[in-house]
Structures are given as structure tokens and as C-alpha cells.
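Let me begin by presenting the structure, written as C-alpha cells, before commenting on it.
Everything numeric in this text was worked out from a predicted model, so none of it was measured.
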Amino acid sequence: MHETNGKLDASGMAFQALAWALMDESRAERLLSLTGLTPEGLRGSITDRSTQAAILSFLEAHEPDLIACAAIIGVSPAVLVQARQELEA
């Protein structure tokens, strides 16, 4: 589910992480605040690798969120960190 031709689907995980983050209003507000994105800016840049990396970095910055999100989307926290690294490469 998170691999494409044996390669990590980093963008797919970023989209899933974003959906998870937006399910809670206070977490969504914190995401926007800490990333500097606006709702319009997020909508306009969601396909950019840098925005996707910022979403995953947001999770990394708060370990409880990283662990909870990873559990919901069915990967280990380390895989989310790896996805962020891939997006930043």
C-alpha cells in the first residue's frame, strides 16, 4: 500500500498524514501555524514535495502525533521519517 514498484510512496503517506492531521481542529490549526501555511496556500501547494515534507516534519516535531498517525495509516513512525527524508531529497 505504501510502496510503488518497491519504492516508498512518500507522497501518498504525506496525503494520508495530512488527512489524519486535519481530523482534529486544534491539530489542524497547529499544523498551519507551525508550517506557516494558510488553508489556501495548503490547497495550492499540496502537490509540492516541500509542502508534503513540511506535513511530515510537523508530525516528527511532536512524537505523540507521529506515533498516532503512523498507527492509523499502518506504518511505523520510522517509515514516516523516511518518507519525509525522501521528499526533501
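When all heavy atoms of A10 and L87 are compared, the pair lying nearest together is CB-CG, 3.7 Å. Shortest non-hydrogen contact noted between A70 and P77 is CB-N, 3.6 Å. Closest heavy-atom contact between L56 and A83: CD1-CB, 3.7 Å. Nearest heavy-atom pair across A17 and L59 is CB-CD1, 3.6 Å. Nearest heavy atoms, L37 versus S45: CD2-OG, 4.1 Å. For the pair I55 and A14, the tightest heavy-atom approach, listed with the atom from each and the gap, is CG2-O, 3.9 Å.
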Determine, step by step, whether V75 and L80 satisfy the side chain to side chain contact (heavy atoms under 4.5 Å, CB included) criterion, reporting the C-alpha distance in whole Å, the side-chain angles of both residues, the deciding distance to 0.1 Å, and the verdict. CA-CA 7 Å; V75 298; L80 289 176; 3.9 Å; yes
Please evaluate residues S57 and E88 with respect to the criterion side chain to side chain contact (heavy atoms under 4.5 Å, CB included), reporting the C-alpha separation (whole Å), side-chain torsions for both, the decisive distance (0.1 Å), and the verdict. CA-CA 10 Å; S57 287; E88 288 180 339; 3.9 Å; yes
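Under the 3.5 Å distance criterion, the side-chain polar atoms of R30 are left unmatched by any main-chain donor or acceptor of E25. A donor-acceptor contact shorter than 3.5 Å is absent between the side chain of T51 and the backbone of I46. For the pair S33 (side chain) and E29 (backbone), a donor-acceptor distance under 3.5 Å is absent.
Side-chain contact between F58 and R84 is absent, with no heavy-atom pair separated by less than 4.5 Å. Taking the side chain as every heavy atom from C-beta outward, R27 and L31 never approach each other to under 4.5 Å. Inter-residue side-chain proximity for C69 and Q16 is flagged as unmet; no heavy-atom pair is nearer than 4.5 Å. Side-chain contact between L42 and L18: present, with at least one pair of heavy atoms (C-beta onward) separated by less than 4.5 Å. L66 is listed as a side-chain neighbour of V81, based on a closest heavy-atom distance under 4.5 Å. With a 4.5 Å cut-off on side-chain heavy atoms, D65 and W20 count as touching.
Under the 4.5 Å side-chain heavy-atom criterion for Ile, Leu, Val, Met, Phe, Trp and Tyr, M13 and I72 are members of the same hydrophobic cluster.
The salt bridge (charged side-chain N to carboxylate O under 4.0 Å, His left out) analysis of residues 34-48, with sequence neighbours excluded, yields the pairs E40-R43.
Contacts of R49 classified as salt bridge (Lys or Arg N to Asp or Glu O under 4.0 Å), with partners at least two apart in sequence or in another chain: none.
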